[in-house]
> 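Let me begin by handing over the structure; questions about it come next.
Numbers here are sequence positions counted from 1.
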Amino acid sequence: MGEPNLVEVKEALCKVAIVAGNLIKEKTGTVSFDDKKNAVDLVTEVDKAVEALVSSELKQAFPDYQFLGEESYIPGKTVLTEEPTFIVDPIDGTTNFIHRFPFSCISLGFAYKKQPVVGVVYNPHLDQLYSGIKGHGAYLNGHKLPLKKPEPLRLQGALAAIEWGAERSGANYKIKVDTFNSLAKEEKDGGAFMHGFRSLGSAALNICGVASGMLDVYWEGGCYAWDVCAGWVILEECGGRMVSGNPGEWNPAVDSRVYLAVRGGENQEKFIEDFWSHVQGTLSYSS
């Protein structure tokens, strides 16, 4: 089979992202939905239709490559291997999609030897196409990222993306709430006193926001490989770094489910360690 041609893969992903994005934009706010897990973990008929479209197109173009999609994933059975694999979230930000909030996207990642190497994220509502190839840079609508020269990183004054997640009880939820509190409160009270927090409702768009320099950091626990694979490539091609959301884990697996995305800039490692010092426990999720 040989080594994957990453440029060809990226071009194919961009094409299918535009087609699928048009469907997402057309159907936003118009469909019924089911609760996958609870009232905030949602799936719509469009999620399934988009994944079927993407799977069909990519399997036709690259019949020897594997496919891992959110809607076809089977817990305990679907496993990421070292084979070339498309890792796809048909609609990242389904709750936004249902509510017509214009921050849902299609997230198309490609991994080889379990490493993210190509990423395409398209928000059709704002016509924003992010793309990246490992070793070849990252772009937003053809403009090279990041959008501005990165300033030195400092926890106080940083703008962070956070998400509450689908789980609203239990140990992981408590760790999240306690960590948010520690990051927000004033330094005199032992906090980081960060500038503010944003929740775009989409892991892929949060990561792209960090990559572009609009956000400084994104801390997450509970999402899956299809939520982060595409954005991971884009982030690292902008000088950013993806580490674990749990302190001390510098090289997480793409399917580890706990992540910390940090933009490029001076003091990056110190910033990561400073952030970790405010994480109030160890997040743990089953596969």
Side-chain angles (χ1 to χ4, degrees), residues 16-51 53-54 69-71 88-109 119-131 140-141 145 147 158-168 173 176-177 180 183-184 194-224 226-232 234-235 259 261 263:
V16 76
I18 297 299
V19 174
N22 288 336
L23 176 59
I24 293 169
K25 185 176 181 180
E26 176 188 346
K27 296 294 185 179
T28 186
T30 67
V31 298
S32 60
F33 61 89
D34 298 317
D35 298 349
K36 285 196 291 187
K37 182 176 180 181
N38 56 38
V40 292
D41 189 17
L42 310 173
V43 62
T44 72
E45 61 197 39
V46 184
D47 291 81
K48 298 172 183 177
V50 170
E51 182 164 316
L53 182 157
V54 171
E70 179 178 14
E71 302 310 325
V88 172
D89 191 341
I91 304 179
D92 188 31
T94 301
T95 301
N96 292 341
F97 170 76
I98 291 168
H99 287 273
R100 295 182 180 269
F101 187 65
F103 287 90
S104 58
C105 66
I106 180 167
S107 179
L108 303 173
V120 171
V121 175
Y122 181 51
N123 178 350
H125 313 287
L126 304 180
D127 194 26
Q128 293 176 331
L129 180 67
Y130 293 89
S131 64
L140 169 58
N141 292 350
L145 294 173
L147 298 175
L159 186 65
I162 58 173
E163 298 290 344
W164 296 95
E167 293 184 6
R168 303 292 172 85
Y173 182 68
K176 282 192 170 185
V177 173
F180 297 161
L183 293 168
M194 300 183 79
H195 258 181
F197 303 91
R198 301 293 181 265
S199 297
L200 297 183
S202 159
L205 292 177
N206 281 329
I207 297 170
C208 287
V210 176
S212 70
M214 293 183 288
L215 295 165
D216 297 298
V217 60
Y218 169 45
W219 182 64
E220 181 62 279
C223 59
Y224 288 84
W226 50 77
D227 296 302
V228 303
C229 183
W232 189 311
I234 295 164
L235 173 70
Y259 312 94
R263 68 165 172 83

> Does any non-hydrogen side-chain atom of Ile234 lie less than 4.5 Å from one of Ile207?
no
> Does Asn123 reach the main-chain N or O of Pro102 with its side chain, forming a donor-acceptor pair under 3.5 Å?
yes
> What is the distance from atom OH of Tyr218 to atom CD of Glu163, rounded to the nearest 0.5 Å?
5.0 Å
> Verify the distance criterion only: is there a donor paired with an acceptor across the side chains of Asn206 and Glu220 at less than 3.5 Å?
no
> Please report the shortest heavy-atom distance between Cys105 and Pro124, naming the atom on each side.
CA-CD, 4.3 Å
> Return the CG to CG distance between Leu205 and Asp92, rounded to the nearest 0.5 Å.
6.5 Å
> Once you round to the nearest 0.5 Å, how far does CZ of Arg198 lie from CE of Met214?
12.0 Å
> Is it the case that the side chains of Asn141 and Tyr130 hold a donor-acceptor pair, with the cut-off being a distance below 3.5 Å and no angle test?
no
> Say whether Asn96 and Ser202, considering side chains only, have a donor N or O and an acceptor N or O under 3.5 Å apart.
no
> With under 30° as parallel and over 60° as perpendicular, where do the rings of Phe180 and Phe197 fit, or are they tilted in between?
tilted
> Who pairs with Gln128 by side-chain hydrogen bond (donor to acceptor under 3.5 Å, both in side chains), at least two apart in sequence or on another chain?
none
> Could I get the full list of ring-ring contact (aromatic ring centres under 6.0 Å, His included) partners for Phe101, not counting sequence neighbours?
Phe103
> With heavy-atom distances below 4.5 Å as the criterion, would you say the side chains of Ile162 and Ser199 are in contact?
yes
> Enter the distance from Ile91:CD1 to Lys48:NZ here, rounded to the nearest 0.5 Å.
11.5 Å
> Rounded to the nearest 0.5 Å, how far apart are NE2 of His125 and CD1 of Ile24?
6.5 Å
> Any donor and acceptor pair, going by atom type alone, linking the side chain of Ser212 with main-chain N or O of Gly209 inside 3.5 Å?
yes
> Check whether any side-chain heavy atom of Leu235 sits under 4.5 Å from a side-chain heavy atom of Trp232, and report yes or no.
no
> Do Cys223 and Val228 come close enough that some side-chain heavy atom pair is under 4.5 Å?
yes
> With distance as the sole test, does Asp227 use its side chain to make a donor-acceptor pair with the main-chain N or O of Tyr224 at under 3.5 Å?
yes
> Using 0.5 Å steps for rounding, measure from the CD atom of Glu71 to the CH2 atom of Trp226.
8.5 Å
> State, yes or no, whether a side-chain contact exists between Val46 and Thr94 at a heavy-atom distance under 4.5 Å.
no
